[in-house]
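First the structure, in the form of structure tokens, and then the observations on it.
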Amino acid sequence: MSFSSEVKTELCAAAVHDKACAVAECYGVLLYCNTFTAREIRIVTAGRDFAQRLPRLLKRAFGVEFDRIIEGGEKSKYILTVTDRDKIRKIFDAFGADADNTPVLHVNLGVLEDPGCRTAFLRGAFLAGGSVTDPDKRFHLELVTSHFSVSRECYTLLLELGFTPRETVRSGNQVIYFKQADAIAELLTTLGASKAGMDVVSAKIGKSMSNSVNRKLNCDFANADKVVAAAQEQLNAIKKVDREIGIPNLPEGLQQAAFLRIANPDMSLADLALLSDPPVTKSCLNHRLKKLVEMAKQISFN
């Protein structure tokens with residue numbers, strides 16, 4: 001089962017008691033479903049839980065039943081339809097619309113004055129036309145409808161609830177979407193899928209920790225490369241100085257620095273400084289090795 005399907009299963013577990021919320025949820029479903037016209041209501045879904053929830057919603061909201069329910073229809077999906085004109089007219093009336101004179105579907109916000117009803121409406125919209133990507137892969141949640149006005153008004157509703165979605169058009173459909181983990185988690189929790197919301201938060205934390213570890217490793221590798229490069233430059237310089245001048249002819253501090261680097265070619269300056277006798281600071285040892293490098297450069301120049 002996909003993450004999106006799991007979310008919808010969790011949402012379908014919500015009780016269908018309050019009639020006003022049932023009407024609002026049905027409103028969201030119908031405006032985002034396959035067909036919602038004066039001639040036919042047609043909902044196609046692959047979700048068994050959603051298909052089982054729909055008859056209860058319709059009955060609680062309008063006191064009507066689907067005229068036909070087909071299981072295992074198009075690509076093993078559930079197909080639920082209403083074609084009775086009186087039933088459809090009753091449903092349109094509940095939303096303040098005229099079934100015979102509504103050429104363009106709209107969201108009647110007057111039906112959604114109660115905050116609980118607005119949440120129920122968005123839950124229905126998501127169940128019918130929404131999807132969310134597995135957060136372990138990427139963060140993306142969207143609502144898709146073919147109705148421009150419905151999408152714009154749903155966008156406004158989300159803004160009023162404190163969300164900041166984005167909009168686009170894909171294959172002629174209107175798409176409202178989110179790509180921020182926090183916003184997706186908050187929306188899912190608001191709709192009633194608190195477990196899914198926590199899964200998104202956990203995935204974000206996991207990715208953040210992974211990125212932090214990767215940055216630390218990359219930094220460590222980069223620093224290690226720098227240490228190796230610097231040590232190699234010092235070794236090359238020491239060999240040249242020894243060949244032209246002779247290490248025994250150098251001042252004691254430079255002799256010690258040279259011998260320490262030859263004996264410990266991969267060691268960091270901090271660790272190398274501790275091996276000095278007597279111990280010296282990292283800065284002091286670095287100064288001595290730089291002196292040897294400068295001497296080698298002078299030899300090459302001359």
Side-chain angles (χ1 to χ4, degrees), residues 1-37 39-84 86-92 94-95 105 107 111-112 114 116-134 141-147 150 154 184 187-200:
M1 182 183 292
S2 69
F3 180 74
S4 193
S5 297
E6 291 176 358
V7 171
K8 292 185 179 183
T9 294
E10 184 178 359
L11 291 176
C12 286
V16 185
H17 295 316
D18 186 82
K19 181 175 181 178
C21 287
V23 170
E25 186 172 331
C26 275
Y27 201 13
V29 169
L30 294 171
L31 290 177
Y32 274 82
C33 74
N34 303 80
T35 305
F36 180 36
T37 68
R39 292 188 175 184
E40 181 188 31
I41 292 172
R42 187 168 186 263
I43 305 170
V44 180
T45 177
R48 182 178 57 119
D49 295 290
F50 184 36
Q52 292 177 347
R53 181 178 181 81
L54 284 168
R56 299 198 304 273
L57 267 178
L58 205 69
K59 186 72 173 178
R60 182 70 182 111
F62 313 112
V64 301
E65 298 178 350
F66 284 98
D67 293 325
R68 192 178 187 191
I69 299 176
I70 301 175
E71 182 178 346
E74 299 175 3
K75 298 180 180 179
S76 299
K77 293 183 178 180
Y78 298 85
I79 304 173
L80 302 92
T81 58
V82 178
T83 53
D84 183 278
D86 290 334
K87 291 181 182 179
I88 293 176
R89 188 173 289 107
K90 185 175 184 178
I91 292 171
F92 268 81
F95 302 138
L105 293 176
V107 178
V111 181
L112 309 175
D114 183 80
C117 289
R118 295 191 172 198
T119 298
F121 171 84
L122 290 172
R123 180 169 58 247
F126 181 81
L127 285 170
S131 63
V132 58
T133 304
D134 185 340
L141 181 149
E142 64 181 33
L143 293 168
V144 182
T145 179
S146 60
H147 307 296
V150 169
C154 187
I184 293 172
L187 180 59
L188 291 177
T189 301
T190 299
L191 298 185
S194 56
K195 178 184 178 300
M198 285 301 299
D199 289 341
V200 173

Exercise. Before giving the answer on ring-ring contact (aromatic ring centres under 6.0 Å, His included), spell out for F36 and F92 the whole-Å C-alpha distance, their side-chain angles and the decisive distance to 0.1 Å.
Key: CA-CA 10 Å; F36 180 36; F92 268 81; 4.7 Å; yes
Quiz item: G130 and S4: which non-hydrogen atoms are nearest, and at how many Å?
Solution: O-OG, 4.4 Å
Self-check item: Within residues 44-64 or reaching into it, pairs that qualify as ring pair (Phe, Tyr, Trp, His ring centres under 6.0 Å) - sequence neighbours excluded
Solution: F62-F95
Quiz item: Going through the checks in order, is the side-chain contact (heavy atoms from CB on, under 4.5 Å) test met by V107 and L31?
Solution: CA-CA 8 Å; V107 178; L31 290 177; 3.8 Å; yes
Exercise. Could you pull out the closest heavy-atom pair between C117 and A24, with the gap in Å?
Key: O-CB, 3.2 Å
Quiz item: Just by modelled atom types, is the T83 backbone N or O under 3.5 Å from a matching donor or acceptor in the R68 side chain?
Solution: no
Quiz item: Does the side chain of M1 come within less than 4.5 Å of T9's, by heavy atoms?
Solution: yes
Quiz item: Roughly how far, to the nearest 0.5 Å, is the CZ atom of R48 from the OG atom of S5?
Solution: 12.0 Å
Quiz prompt | Considering all heavy atoms, the nearest E71-Y78 contact | solution = CG-CE2, 3.3 Å
Quiz prompt | Passing candidate, side-chain contact (heavy atoms from CB on, under 4.5 Å) with L58, options L80, I91, L30 | solution = I91
Self-check item: Side-chain heavy atoms of D49 within contact of R53, under 4.5 Å
Solution: no
Quiz item: What is the minimum heavy-atom distance between V64 and K90, and which atoms define it?
Solution: CG1-CD, 4.1 Å
Please report, to 0.1 Å, the donor-acceptor pairs under 3.5 Å made by any side chain of residues 187-195, with sequence neighbours excluded.
from: T189; atom 1: OG1; to: A185; atom 2: O; distance (Å): 2.8
from: T190; atom 1: OG1; to: E186; atom 2: O; distance (Å): 2.8
from: K195; atom 1: NZ; to: D199; atom 2: OD2; distance (Å): 3.3

Exercise. Nearest 0.5 Å please: distance from the CG atom of L54 over to the CD atom of E25.
Key: 8.5 Å
Practice problem: Find out whether T133 and F3 are in side-chain contact, i.e. whether some heavy atom of one side chain is under 4.5 Å from a heavy atom of the other. | Solution: no
Quiz item: What are the two closest non-hydrogen atoms of Y32 and A125, and how far apart are they?
Solution: CD1-CB, 3.5 Å
Exercise. For residues 10-21, pull every pair meeting side-chain hydrogen bond (donor to acceptor under 3.5 Å, both in side chains), keeping only residues two or more places apart or in separate chains.
Key: none
Quiz prompt | Residues T45, K8; criterion side-chain contact (heavy atoms from CB on, under 4.5 Å); working and verdict | solution = CA-CA 11 Å; T45 177; K8 292 185 179 183; over 6 Å; no
Quiz item: Could you go step by step and tell me if R89 and D86 meet the side-chain contact (heavy atoms from CB on, under 4.5 Å) rule?
Solution: CA-CA 5 Å; R89 188 173 289 107; D86 290 334; 3.4 Å; yes
Quiz item: Are any of the side-chain heavy atoms of T145 and L143 separated by less than 4.5 Å?
Solution: no
Quiz item: How many angstroms lie between atom CD1 of I41 and atom OG1 of T81, to the nearest 0.5 angstrom?
Solution: 9.5 Å
Quiz item: Would V16 and K59 count as a side-chain contact (heavy atoms from CB on, under 4.5 Å) if you check the C-alpha gap in whole Å, the side-chain angles of each, and the deciding distance to 0.1 Å?
Solution: CA-CA 10 Å; V16 185; K59 186 72 173 178; over 6 Å; no
Quiz prompt | C154 vs L122 side-chain heavy atoms within contact, under 4.5 Å | solution = yes
Quiz item: When rounded to the nearest 0.5 angstrom, what is the spacing between CD in E65 and CG in D84?
Solution: 11.5 Å
Exercise. Can you see which heavy atom on C12 is nearest to which on L127, and at what distance?
Key: SG-CD2, 3.9 Å
